[in-house]
Amino acid sequence: MPTRPATDPVAPTRAAHRVRAVGNAVNLTTPLGLLVALAGRATLRLGPEALVVAEGYRLPLPKAGAFTVGGVVLVPHGLLTGVELRQPGTLAHESRHAWQYFWCLGLPFLPLYALASGWSWLRRGDPASGNWFERDAGLMTGGYPERPVTNAGLRRIGRALRLVR
């Protein structure tokens, strides 16, 4: 079997993807992702980078072109190739989220992501553009605009409180 040159980035990447896959299985996020995929009646297949791709997910939430739970990339109402055509880089973005599950040791990712989404909404008026996890995965490759810090969510709360009084 021929060996790869030391400069070839594919050889270490494949081993790292396997480590991530095992880690996300052990930390229970990939099993959770598989349950979500089954609940959404998605079709499962093995994908690149040791990910599981769940296409044709049918539940109404979340509203996204694709989303990841552990090592499972869920694609609502279609195929990953279609999402990649509309939004190039989606798989790379979702792969980064799989790494985030790994580094957060699994399920703690979910409340941390929710907190980051809330912070983003308070500061920028949307749950993504100030969310550390989305920024780390690449806002543009995830299809998210970068909004400025305006405290939009805080202002909305302030306006609502003045109406209540």
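- Heavy-atom minimum distance, E84 versus G89: OE1-N, 2.9 Å.
- A ring pair (Phe, Tyr, Trp, His ring centres under 6.0 Å) with F109 is found for one member of F102, Y101, W99 and no other, namely Y101.
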Discussion item. What verdict does the side-chain contact (heavy atoms from CB on, under 4.5 Å) test give for T90 and T141, after you've listed the backbone C-alpha separation in whole Å, the side-chain angles of each residue and the deciding distance to 0.1 Å?
Written reply: CA-CA 6 Å; T90 297; T141 58; over 6 Å; no

Discussion item. Show, in sequence, the C-alpha distance, side-chain angles and deciding distance for Q100 and H97, and conclude whether the side chain to side chain donor-acceptor pair (under 3.5 Å) test is met.
Written reply: CA-CA 5 Å; Q100 292 166 350; H97 284 314; 2.6 Å; yes

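- V36 and L110 end up in the same hydrophobic cluster when Ile, Leu, Val, Met, Phe, Trp and Tyr side chains are linked at under 4.5 Å.
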Discussion item. Run the side chain to side chain donor-acceptor pair (under 3.5 Å) test on T68 and E94 for me, step by step, so that the C-alpha distance in whole Å, both residues' side-chain angles and the decisive distance to 0.1 Å come before the verdict.
Written reply: CA-CA 6 Å; T68 300; E94 298 305 327; 2.6 Å; yes

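- With rounding to the nearest 0.5 Å, the separation of CG in L122 from CZ in R155 is 12.5 Å.
- Summarising the geometry of L91 relative to P48, their closest heavy-atom pair is CD2-CG, 3.2 Å, with the distance given to 0.1 Å.
- Counting heavy atoms from C-beta outward, R20 and S95 have side chains that approach closer than 4.5 Å.
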Discussion item. Quick one, R45 with L80, criterion side-chain contact (heavy atoms from CB on, under 4.5 Å). Give me CA distance, side-chain angles, the key distance, then yes/no.
Written reply: CA-CA 11 Å; R45 68 175 174 83; L80 182 59; 4.1 Å; yes

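- Taking S120 as the reference, nothing meets the side chain to side chain donor-acceptor pair (under 3.5 Å) condition, with sequence neighbours excluded.
- Put simply, CG on N24 and CG on L32 are 11.0 Å apart, with the number rounded to the nearest 0.5 Å.
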Practice prompt. Apply side-chain contact (heavy atoms from CB on, under 4.5 Å) to V52 and L34, showing your working.
Written response: CA-CA 9 Å; V52 175; L34 292 170; 4.1 Å; yes

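- The environment of L61 atom CG is dense: over 12 non-hydrogen atoms of other residues, nucleotides or ligands sit within 6.0 angstrom.
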Worksheet item: Hey, mind stepping through I157 and W121 against side-chain contact (heavy atoms from CB on, under 4.5 Å) and telling me if it holds?
Response: CA-CA 11 Å; I157 291 171; W121 181 83; 3.8 Å; yes

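- The shortest heavy-atom contact between A54 and V72 is CB-CG1, 4.0 Å.
- Separating the CG atom in L105 from the CG atom in L28 is a distance of 11.5 Å, to the nearest 0.5 Å.
- Between the H77 side chain and the G56 main chain, no donor and acceptor come within less than 3.5 Å of each other.
- Applying the ring pair (Phe, Tyr, Trp, His ring centres under 6.0 Å) rule to F67 yields the partners Y57; only residues at least two apart in sequence or on another chain are considered.
- Within the 4.5 Å cutoff, the side chain of Y144 has no heavy atoms near those of the D126 side chain.
- Across all non-hydrogen atoms, the minimal contact from A116 to F133 is CB-CD1, 3.9 Å.
- Under the 4.5 Å side-chain contact rule for hydrophobic residues, W103 and L107 do not share a cluster.
- In terms of hydrophobic clustering, with Ile, Leu, Val, Met, Phe, Trp and Tyr side chains grouped at heavy-atom distances under 4.5 Å, W132 and L112 are assigned to a common cluster.
- Counting heavy atoms from C-beta outward, V69 and L74 have side chains that approach closer than 4.5 Å.
- Ion pairing of R124 with E146 is present here, as a side-chain N (NZ or NE/NH1/NH2) and a carboxylate O approach within less than 4.0 Å.
- In this structure, A66 and V73 approach most closely via the heavy-atom pair CB-CG1, 4.4 Å.
- Residues V53 and L59 do not share a hydrophobic cluster, clusters being chains of Ile/Leu/Val/Met/Phe/Trp/Tyr side chains in contact below 4.5 Å.
- The environment of R156 atom CZ is sparse: at most 12 non-hydrogen atoms of other residues, nucleotides or ligands sit within 6.0 angstrom.
- At distances below 3.5 Å, not a single donor-acceptor pair connects side-chain atoms of E134 with backbone N or O atoms of A128.
- R96 approaches D136 most closely through the heavy-atom pair NE-OD2, 2.8 Å.
- Put simply, the side chain of L79 does not reach to within 4.5 Å of the side chain of V75, judged on heavy atoms.
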